[in-house]
Amino acid sequence: MNIQNLLPLPQGWDLGDVVVLMASIAVFFAVFALWNALLQRDPMAGRIQQLKTRRNQIQEQALGPRRRQERSLKAMSFMNRVVQRLNLMKSRHADQVTGRLAQAGIRTKDAVITYLFAKLCLPMAFGLLAAGWIFVVQPEIETAALKFAIPMGAVLLGMLAPDIFIRNAIQKRHKQLVLALPDTLDLMVVCAEAGLSLDAALNRVANEIGQANPELADELLLTSLELGFLPNRRQALENLTARTALPQIRSVVNTLLQSEKYGTPLAQSLRILSNEYRNERMLKAEDKAARLPATLTVPMILFILPALFVVLLVPAALRTMDGMSGASF
């Protein structure tokens with residue numbers, strides 16, 4: 001049976017063209033992975049400029065009058081013009097997107113515009129690509145249900161793709177924040193016992209953990225800036241809770257607010273929270289280690305035991321066959 005008859009190849013293509021295309025794609029991804037591994041990145045590069053911009057915005061909102069100036073349509077990009085014409089920035093969904101993007105570590109207005117534009121155009125783009133693939137590249141598909149299901153599935157994928165991207169970014173960021181929180185609290189305890197104020201302690205701790213965990217350092221630096229510029233210090237700490245949406249950081253913020261309001265010892269409270277979160281992290285690691293034998297059972301049955309049976313039983317079977325046939329081994 002010819003393999004080319006089993007594969008629905010475009011007109012004029014053969015199996016050699018497919019092999020060359022797959023080899024080219026594999027080489028491209030291998031070179032890209034090698035370049036990405038050897039490239040040295042500064043995790044704090046670009047974040048300082050964003051924090052300065054955020055500080056200027058907070059200063060203008062707190063000290064200066066609020067002036068709303070409409071930008072000229074000529075200076076807007078294509079995505080910005082589309083979003084503004086459809087009034088997508090004024091919807092309630094835009095405010096929710098801004099909060100979710102902040103939880104993912106993206107706070108620029110351009111990111112909100114890009115998300116709304118992608119949410120609008122990706123379903124149409126994916127649907128048109130799927131329809132073009134069905135009616136142009138693979139016109140031999142005769143099932144009407146399949147012709148209808150593939151474009152609809154592509155449209156659904158285009159609708160869900162931005163949300164899936166943001167949700168994955170939020171999960172990765174939350175994981176990094178929780179991982180570095182106990183060590184960060186230990187550094188804050190040292191700063192509090194040394195007599196530093198809350199603003200100075202957050203700034204110093206952010207500079208210390210910037211290379212190890214830029215996500216948490218970014219949040220601490222922004223909180224330190226907001227504590228210096230916002231008239232209400234409570235609002236600055238509550239903004240930290242809203243940006244992270246983590247129960248661990250909510251507990252830390254409540255501790256800081258209690259210390260600010262009642263004058264309770266800050267170092268002792270932070271030390272207790274640090275020990276609690278470190279024990280929680282250790283319990284999670286022990287739980288994963290306890291589930292490891294049950295998790296490895298299925299891979300061992302599928303991949304290890306067949307190879308082991310082949311190694312142990314095949315030589316004995318060959319000797320038995322040779323002995324029954326009268327051949328000498």
Would you mind reporting whether Glu219 and Arg173 have side-chain heavy atoms less than 4.5 Å apart?
yes

When hydrophobic residues are tied together by side-chain contacts of less than 4.5 Å, even through go-betweens, does Val298 share a cluster with Ile301?
no

With the side chain counted from C-beta on, respond yes when Ser274 and Val189 share a heavy-atom pair under 4.5 Å apart, and no when they do not.
no

Do other residues, nucleotides or ligands put more than 12 heavy atoms under 6.0 Å from the CZ atom of Arg234?
no

Atom pair CD1 (Ile166) and CZ (Arg100), whose distance is rounded to the nearest 0.5 Å:
6.5 Å

When you group the ILVMFWY residues by side-chain heavy-atom contacts below 4.5 Å and let the links chain together, are Ile170 and Phe165 in the same group?
yes

Going by the rule side chain to side chain contact (heavy atoms under 4.5 Å, CB included), which residues pair with Phe126 if we only count those two or more places apart in sequence or in a different chain?
Leu122, Ala154, Leu157

Rounded to the nearest 0.5 Å, what separates atom CD in Gln176 from atom CG in Leu216?
10.0 Å

Nearest 0.5 Å, please: how far is CD in Glu276 from CD in Glu280?
7.0 Å

Path from Leu283 to Leu273 over hydrophobic side-chain contacts below 4.5 Å:
no

If I compare all heavy atoms of Glu193 with all of Ala267, which pair ends up nearest, and what's the gap?
CG-CB, 3.6 Å

Is it true that Asp186 and Arg271 have a side-chain N and a carboxylate O under 4.0 angstrom from each other?
no

Straight-line distance of Asn207 CG to Leu187 CG, nearest 0.5 Å
11.5 Å

Selection residues 162-171 - residue pairs positive for side-chain hydrogen bond (donor to acceptor under 3.5 Å, both in side chains), sequence neighbours left out:
Tyr115-Asp163, Lys119-Asp163

Is the shortest side-chain heavy-atom distance between Glu215 and Lys172 below 4.5 Å?
no

Listed by chain and number, what are the side chain to side chain contact (heavy atoms under 4.5 Å, CB included) partners of Val155, not counting sequence neighbours?
Pro123, Met159

Pair Glu286, Arg281 - check salt bridge (Lys or Arg N to Asp or Glu O under 4.0 Å), show working.
CA-CA 9 Å; Glu286 292 177 354; Arg281 187 173 63 182; over 6 Å; no

Hey, any chance Val190 and Val205 share a hydrophobic cluster, counting ILVMFWY side chains that come within less than 4.5 Å of each other, even indirectly?
no

Rounded to the nearest 0.5 Å, how far does OG1 of Thr184 lie from CG of Leu270?
11.0 Å

Does any non-hydrogen side-chain atom of Val178 lie less than 4.5 Å from one of Ile249?
no

Would you please test Ile25 and Phe29 for side chain to side chain contact (heavy atoms under 4.5 Å, CB included) and show each step?
CA-CA 6 Å; Ile25 294 175; Phe29 280 108; 3.3 Å; yes

Mind checking what makes side chain to side chain contact (heavy atoms under 4.5 Å, CB included) contact with Val311, not counting sequence neighbours?
none

Quick check for you: to the nearest 0.5 Å, what is the distance between Asp199 atom CG and Phe229 atom CZ?
10.5 Å

Is any side-chain heavy atom of Asn279 closer than 4.5 Å to one of Met282?
no

Hydrophobic clustering (ILVMFWY, side-chain heavy atoms < 4.5 Å, transitive) - are Met188 and Leu196 grouped together?
no

Would you call Gln103 and Thr244 a side-chain contact if the rule is heavy atoms closer than 4.5 Å?
no

Side-chain contact test, heavy atoms from C-beta onward, threshold under 4.5 Å: evaluate it for Asp183 versus Arg278 and give yes or no.
yes

Identify every side-chain donor-acceptor pair in residues 250-258 under 3.5 Å, counting partners at least two apart or on other chains, and give the distances.
unit_1	atom_1	unit_2	atom_2	d
Ser251	OG	Pro247	O	3.1
Asn254	ND2	Arg250	O	3.1
Thr255	OG1	Ser251	O	2.9

Going by side chain to side chain contact (heavy atoms under 4.5 Å, CB included), name the residues that satisfy it together with Thr223, two or more places apart in sequence or in a different chain.
Leu202, Leu227, Leu237, Leu240, Arg243

Minimum heavy-atom separation for Pro293 and Ala290, please, with both atom names.
CD-O, 3.4 Å

Does Ile209 reach the side chain of Leu220, with side-chain heavy atoms less than 4.5 Å apart?
yes

Is it the case that more than 12 heavy atoms not belonging to Gln268 sit under 6.0 Å from its CD atom?
no

